[in-house]
Amino acid sequence: MNWENNRTMEAGRMPRPGRKGDNLLEELSAKGMLLFVGSVNCLRHKPYRGIGSLMREGRAALLCPSMSDFSSGRYLNQIVDALAELSREYGTKQFVIACGCQWVILSTDGELLKARVKQEYDIDLSIFEDAHLEFGDHE
């Protein structure tokens, strides 16, 4: 077992799919349209580098709230609005959210968000709660 897997297991988490982002975006977008929520700077990190090709195929979208959106909590309404708009535009009810550090730092309640979009728009939402701060992806 390499050091990274050992550290992951000690933290009580399963190793991330695709090991350091090799196929992460493909795996996530296979479960539904991918919505990345976070700073555009996060997209320079290895797991998210291929998002442009998924966007060209209509399988991914970006939502990059400002710092004031995150600090005020407005980003939660922006996510709901983005999911509703993407659902109408692309005719899908299956989404996966991948997120930047802000989501984790703010302790975003993904379960509450999932329940809200299910109730209001009948959208099924999965959330990839990335532990990339632990995986050393900030290369």
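Judged by distance alone, the side chain of Ser87 and the main-chain N or O of Thr92 form a donor-acceptor pair under 3.5 Å. Judged by distance alone, the side chain of Lys31 and the main-chain N or O of Gln94 form no donor-acceptor pair under 3.5 Å.
Interatomic distance, Leu62 CG to Phe36 CZ, rounded to the nearest 0.5 Å: 7.5 Å. Atoms CG and CD, on Leu125 and Glu111 in that order, are 9.0 Å from each other to the nearest 0.5 Å.
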Would you give me the side-chain donor-acceptor pairs under 3.5 Å for residues 79-86, sequence neighbours excluded?
none

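The side-chain contact (heavy atoms from CB on, under 4.5 Å) check on Glu57 picks up Leu54, Arg59, with sequence neighbours excluded. Scanning for side-chain hydrogen bond (donor to acceptor under 3.5 Å, both in side chains) contacts around Glu89 gives an empty result, with sequence neighbours left out. For Lys118, the side-chain contact (heavy atoms from CB on, under 4.5 Å) partners are Asp122, Asp124, not counting sequence neighbours.
Applying the salt bridge (charged side-chain N to carboxylate O under 4.0 Å, His left out) test to residues at least two apart or on different chains, the pairs with a partner in residues 66-79 are Asp69-Arg74. Under the ring pair (Phe, Tyr, Trp, His ring centres under 6.0 Å) criterion, the residue pairs touching residues 53-74 are Phe70-Tyr75, with sequence neighbours excluded.
Residues Gln78 and Pro65 come closest through the heavy atom pair OE1-CB, 3.4 Å. Taking all atoms of both residues into account, the shortest heavy-atom contact from Met33 to Ala61 is CE-CB, 4.2 Å.
The closest side-chain heavy-atom distance from Leu76 to Leu112 is not below 4.5 Å.
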